[in-house]
Protein chains: 2
Amino acid sequence: MRAVKSDTYSIKELACEFGVTPRTLRHYEDQGLLTPERQGQNRIYHANDRVRLAWILRGKRVGFSLQEIGEMLDLYDIGDGRETQRSVTVEKCRSRIRALEEQRDDINATIDELQEFCELIANLVRDNKNDQWIRRDTGEPLRHYPPRN
Amino acid sequence: MRAVKSDTYSIKELACEFGVTPRTLRHYEDQGLLTPERQGQNRIYHANDRVRLAWILRGKRVGFSLQEIGEMLDLYDIGDGRETQRSVTVEKCRSRIRALEEQRDDINATIDELQEFCELIANLVRDNKNDQWIRRDTGEPLRHYPPRN
DNA sequence: CTTGACGTTGACGTAAACGTAAACTACGTA
DNA sequence: TACGTAGTTTACGTTTACGTCAACGTCAAG
């Protein structure tokens with residue numbers, strides 16, 4: 001049994017908590033996204049590693065590559081920040097925000113179309129007379145959308 | 001020069017218009033996402049292919065795999081829709097929508113954090129006395145966020 | 001008739017993000 | 001002390017989404 005726990009995690013504990021494998025955490029370390037403490041050979045993860053991991057995984061969920069995530073995390077590491085670098089950081093950050101906003105627009109558009117289509121099917125009923133689909137509300141015949149040739 | 005144009009596209013025309021390569025369109029066809037008309041060997045793309053391609057590319061932008069996009073497009077191909085299949089389609093569709101909404105939440109959270117961080121840096125200034133960064137507005141010393149060990 | 005632009009089908013290459021297996025170490029316990 | 005559990009490194013395998021040839025067909029222009 002470990003003597004002191006004090007808010008630290010083994011690789012398996014942290015991985016398990018976030019639903020990833022130890023291999024994944026090592027991979028992120030290889031890519032420079034995580035730099036856990038070492039006790040001899042073994043990795044010891046602290047609260048800050050947890051925070052970074054959460055960031056990484058959310059970045060993944062929104063579609064960034066590990067490299068892009070690394071660059072975004074680098075934006076945060078400005079301890080040695082030179083005055084001139086600061087405006088660069090800000091600009092990169094803003095450009096990221098714009099990209100995310102565009103992506104959000106794409107998502108909203110997709111949601112809208114799926115929603116519309118979903119309701120359309122939900123209201124759909126077979127007009128058995130002429131063997132084709134019509135809308136229950138308008139009686140309009142259904143044309144495939146998006147069209148299949 | 002082609003005799004009749006009538007809203008058709010060569011592979012290069014369509015690819016070029018959407019900023020992808022012909023290879024990409026052939027790949028999408030291999031995956032069953034597009035099925036352009038053939039004139040002999042050559043592919044002829046129509047308006048419906050355009051619509052589908054736009055869908056595919058937007059799907060990619062929001063982070064779906066080609067397989068997932070294919071499944072979503074399949075939802076639209078319900079011309080032979082059996083009554084029992086319909087509720088399945090609706091449920092799949094709704095589950096997609098929920099996933100997209102979660103993804104949108106992730107994006108919003110990321111935007112918020114980047115925005116906050118961005119403004120923080122913009123207001124940052126070096127306190128030369130003790131050689132560390134402080135916030136211009138509050139004078140608070142800066143702690144890295146997310147923390148680097 | 002040859003050249004060039006565009007098209008076709010293989011088929012192999014590649015980068016990213018891990019999976020997986022091998023071979024080894026260290027430790028608490030039965 | 002032998003065993004099981006958890007950790008380590010090294011290294012090759014895998015999937016996705018195309019890129020990149022190679023080798024060939026086709027058609028209009030010079």
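What you see is a predicted model, and the numbers here were worked out from it, not measured in a lab. Just so it is clear: chains get the letters A, B, ... in the order the sequence lines come, proteins before strands, and each one is counted from 1.
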Value in whole Å for how far the [atom2] atom of [N] lies from [atom1] of [X]:
X       : N      : atom1 : atom2 : result
B:Ile56 : D:dT16 : CD1   : C1'   : 16 Å
A:Leu34 : C:dC18 : CG    : C1'   : 15 Å
A:Leu25 : C:dG19 : CG    : C1'   : 14 Å
A:Glu68 : C:dA15 : CD    : P     : 17 Å
B:Ile69 : D:dC18 : CD1   : C1'   : 13 Å
B:His27 : C:dT9  : NE2   : P     : 15 Å
A:Gln39 : C:dA26 : CD    : P     : 15 Å
B:Asp30 : D:dT16 : CG    : C1'   : 14 Å

Is the shortest heavy-atom distance from the side chain of [X] to the side chain of [Y] under 4.5 Å?
X       : Y       : answer
B:Glu68 : B:Arg96 : yes
A:Arg43 : A:Glu37 : no
B:Ile44 : B:Arg38 : no
A:Glu29 : A:Thr35 : no

Above 12 or not: heavy atoms from other molecules or residues under 6.0 Å from CD of B:Glu91? yes
CD/B:Gln67: more than 12 non-hydrogen atoms of other groups inside 6.0 Å: no
Would you mind classifying the nucleic acid contact of B:Tyr28 as base, sugar-phosphate or nothing, using non-hydrogen atoms under 4.0 angstrom? sugar-phosphate
Between the main-chain N or O of B:Gln39 and the side-chain N or O of B:Asn42, is there a donor-acceptor pair closer than 3.5 Å? no
Under 3.5 Å, which N/O atoms of the protein pair with N/O atoms of nucleotides 5-8 of chain D?
residue	atom	partner	partner atom	Å
D:dG7	OP1	A:Ser10	OG	2.9
D:dG7	OP1	A:Lys12	N	3.4
D:dT8	OP1	A:Arg43	N	3.0
D:dT8	OP1	A:Arg43	NH1	2.7
D:dT8	OP2	A:Arg26	NE	3.2
D:dT8	OP2	A:Arg26	NH2	2.7
D:dT8	O5'	A:Arg43	NH1	3.2

Choose from D:dT16, D:dC18, C:dC18 the nucleotide whose nearest atom is closest to any side-chain atom of B:Gln67. D:dT16
Within 45° cone and under 6.0 Å: A:Arg58 NZ/CZ vs A:Trp55 ring: yes
What residue among A:Thr8, A:Leu53, A:Leu25 forms side-chain contact (heavy atoms from CB on, under 4.5 Å) with A:Tyr45? A:Leu25
D:dG19 OP1/OP2 closer than 4.0 Å to side-chain N/O of B:Thr24: yes
Any side-chain N or O of B:Lys60 under 4.0 Å from OP1/OP2 of D:dT16? no
Shorter than 3.5 Å, N or O on both sides, protein versus nucleotides 11-15 of chain D: list them out with atom names.
none

